[in-house]
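Below is one structure, written out as structure tokens; the observations come after it.
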There are 2 protein chains.
Amino acid sequence: MNKASLPFLHTFVVAAKHLSFTKAAHELFLTQGAVSQQIRLLEQRLGFSLFVRYHRSLELTPMGARLALHLRHMFADLDGLIEELREERDSTIITLSVMPSFATRWLMPRLGRLQERHPGLQLRIQANDREVNFTRDRIDAAIVHSHLHSGSAYTVPLLVDHVFPVCSPAFAEQNTLQTPADLVHVPLINDDSEWRFFSPYAAWEAWLAKAQVKGVRPSRAMSFNRGDLAVQAALSGQGVALGRTPLVMDDIREGRLLKPFEQVYDNGHVYLFACPNEYRDREPIQQVLNWLQDECRRYMDEVAQ
Amino acid sequence: MNKASLPFLHTFVVAAKHLSFTKAAHELFLTQGAVSQQIRLLEQRLGFSLFVRYHRSLELTPMGARLALHLRHMFADLDGLIEELREERDSTIITLSVMPSFATRWLMPRLGRLQERHPGLQLRIQANDREVNFTRDRIDAAIVHSHLHSGSAYTVPLLVDHVFPVCSPAFAEQNTLQTPADLVHVPLINDDSEWRFFSPYAAWEAWLAKAQVKGVRPSRAMSFNRGDLAVQAALSGQGVALGRTPLVMDDIREGRLLKPFEQVYDNGHVYLFACPNEYRDREPIQQVLNWLQDECRRYMDEVAQ
DNA sequence: GTTTTTGGATTAGCTGAACTAATGCAAGAG
DNA sequence: CTCTTGCATTAGTTCAGCTAATCCAAAAAC
């Protein structure tokens, strides 16, 4: 169908509602003749008639009735979507997508200072491991690991991420942990959130390889599907976990966790802030980003010290 | 949203597909400037932007992407429906809705002569007891009982319908059936297709009342939910059924059924031919109607004789 | 580093699609 | 029988949306 006749379809819906061209014309601020002409042209273009004309009354043909019904829903849905999109534009709530472990162990403890700085800002944290997709999901911004698959977006690097074993002080006292080779004797705690199916123990395997430790079979480790749970297990003295800096730094500084070895490896992961290019200049987005950058700077200082 | 911008939405879908105004313009046989203007106006009217403009490339905003997806489906559905309606118009197949019992016992035996008269005519019989609704169902015409609830339609009376007991000759021999009062002693066969829930034995009750017979409890009858099954049961000697003229006349003439009593009551039912006003003049509809009227005339003669 | 190409933005001016206004017609109400 | 009502039709008008031409700036080509 010729898309030029689309407005006629709207006229048709109104005329079908009233079963009167005169009333439809009134509703649409047109003359009766205009409506009559539009319907005639529309019928011509569609190739079938929509109304049966009588003396001074109209009746829908079966085809006309079916089309009218379809169009009524179509227009309602369209109006609904547009309304929704407009509300979204006006919304002051920023939805930030974050990995769950990063959310609980790094973001949460720091959120207080964001509220202090911008009391009016409404931030909604959406913690999940799904691939970020700004088109599909109603997300305004995200913190992601390393790369973003979804099209082009505005990204800002926030942190780099180091990996090393951690355990509780109590656990360290009860077990000999002088060199990485001692890991043979102790329970390992694994986080398989990243390579769950392909190679669940990849994290430990990579670290042990870099530390040139042989003979440790990480597959005997207990395994969690979220990084924060693995840290939690280490905190409660269950064994040795592989910690990522941002997830364990606070606990190390407070003495609840310790690093038994010196070996620390950069695993190439970067935490990025990301948002659709278009949202880049929205004020609340800027506020969140600036705050995140300040927190990262503060955090880097703490790590360095 | 202003319905005047509807054609712009189509332009938008094409532009979103190509992520290029120039290519969209080419597809739509417009100039690049026209597309650019349409999108600008559309964004203005919607109140949010659809594309992020770069150097010489475009990107959809999250809102634009969602709108484009919705519109793509919307247009596809609309085109689909219109195509379907066009095919319907071109169709030479006439779908006739009939009550199942009338279809099997009256219409079927006579259809042969319709094919003889109009070998090219394609008739599809839709036998069901649903209320006829030309708008909702893909029906071109119908044979209905007495009245039509669905809006205005073109109707032509075909037959009137009389009601009286019938049984097989064998059954009549084995049972005394001189007056209606003798019905006390024999199995009754009931057809509850019309008043199933409210009053399943209404047909017998009404007939017995008109015949002024007392003391017969029709509720002991065996009951069928279709009129033709009740007749079938009578044919095979199961008992006495209440026959409607068009359903049993052929069998009576052939001697397979007989009327034990003289009492015949008009129950006010009329069989109507009905079709949407608009279809009234379509040639195949006319052919079917004319044939039906001829058959009815022939049938009336047979009944009278 | 300069030139060319490419693709979107913008503008003035044109044009025809769709509107109005006026009239005709025929059915049904009064 | 007359009046009212509501759709059809037509001639004439108007403005929404088009073209065409120009501008601009990034990126590709040289």
Side-chain angles (χ1 to χ4, degrees), chain A residues 1-46 48-61 64-65 68 151-152 154 277-278 280, chain B residues 1-61 64-65 68 151-152 154 277-278 280-281:
Chain A
M1 210 239 339
N2 183 4
K3 292 304 180 296
S5 353
L6 277 166
F8 289 9
L9 292 176
H10 180 236
T11 303
F12 166 59
V13 171
V14 177
K17 182 177 75 183
H18 294 301
L19 283 179
S20 154
F21 292 172
T22 308
K23 285 181 192 155
H26 193 251
E27 175 172 337
L28 296 165
F29 300 104
L30 292 174
T31 55
Q32 169 271 131
V35 175
S36 173
Q37 279 184 79
Q38 282 198 23
I39 302 295
R40 185 164 40 80
L41 279 171
L42 184 60
E43 288 177 320
Q44 213 173 82
R45 292 176 196 178
L46 288 172
F48 51 86
S49 58
L50 300 166
F51 290 103
V52 195
R53 276 87 165 163
Y54 296 106
H55 1 252
R56 348 176 251 163
S57 74
L58 295 172
E59 190 192 8
L60 280 165
T61 64
S152 60
Y154 173 60
N277 274 304
E278 218 236 335
R280 181 173 170 170
Chain B
M1 209 239 340
N2 181 3
K3 293 304 180 296
S5 359
L6 277 166
F8 290 8
L9 291 175
H10 181 236
T11 303
F12 166 59
V13 170
V14 177
K17 184 177 73 183
H18 294 301
L19 284 177
S20 154
F21 291 174
T22 308
K23 284 182 192 155
H26 193 251
E27 177 172 336
L28 296 165
F29 300 103
L30 293 175
T31 56
Q32 171 270 128
V35 174
S36 174
Q37 280 184 78
Q38 283 199 21
I39 301 295
R40 185 163 41 80
L41 279 171
L42 184 60
E43 288 177 320
Q44 216 172 82
R45 291 176 196 179
L46 289 172
F48 51 85
S49 58
L50 300 166
F51 289 103
V52 195
R53 276 84 164 167
Y54 295 107
H55 357 255
R56 351 178 249 164
S57 74
L58 296 172
E59 191 192 8
L60 280 165
T61 64
S152 60
Y154 173 61
N277 274 304
E278 216 235 339
R280 180 172 172 173
D281 298 320

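Only a predicted model underlies this, so the values are computations on that prediction, with no experimental measurement involved.
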Any H18(A) side-chain heavy atom under 4.5 Å of V35(A) side chain: no
Donor-acceptor contact below 3.5 Å, side chain Q38(B) vs main chain H10(B): no
End-to-end axis angle, where each axis spans five pairs of the helix from dG1(C)-dC30(D) to dG30(C)-dC1(D), to 10°: 20°
T61(A) side chain vs L50(A) backbone, donor-acceptor pair below 3.5 Å: yes
Distance, rounded to the nearest Å, where L50(A) contributes CG and dC7(D) contributes P: 15 Å
Nearest-0.5 Å distance that lies between atom OG1 in T11(A) and atom CG in L41(A): 11.0 Å
E43(A) CD to dT9(D) P, straight-line distance once rounded to whole Å: 11 Å
N or O in side chain of R40(B) less than 4.0 angstrom from dA9(C) OP1/OP2: no
Exercise: identify the closest heavy-atom pair between F12(A) and G64(A): CZ-O, 3.4 Å
Salt-bridge present (R280(B), E59(A); N to O < 4.0 Å): no
Shortest non-hydrogen separation from L42(A) to F8(A) and the atoms involved: CD2-O, 3.9 Å
Value in whole Å for how far the C1' atom of dA9(C) lies from CG of L58(B): 12 Å
Shortest non-hydrogen contact between P7(B) and L6(A), atoms and distance: CA-CD1, 4.2 Å
Nucleotide dG7(C), atom C1' - distance to NE2 of H26(B) in whole Å: 15 Å
Separation of R40(A) CZ from Q44(A) CD (nearest 0.5 Å): 7.0 Å
Length of the line joining R53(A):CZ and dA26(C):C1', which is rounded to integer Å: 16 Å
A15(B) to I39(B) - nearest heavy-atom pair and separation: CB-CD1, 4.4 Å
Footprint string (nucleotides 15-21 of chain C, 5' to 3'): B base within contact, S backbone only, - free, heavy atoms under 4.0 Å: ---SBB-
Strand contacts (DNA chain D) in residues 13-23 of chain B, 4.0 angstrom heavy-atom criterion: none
Heavy-atom donor-acceptor pair, Q32(A) side chain to F21(A) backbone, under 3.5 Å: no
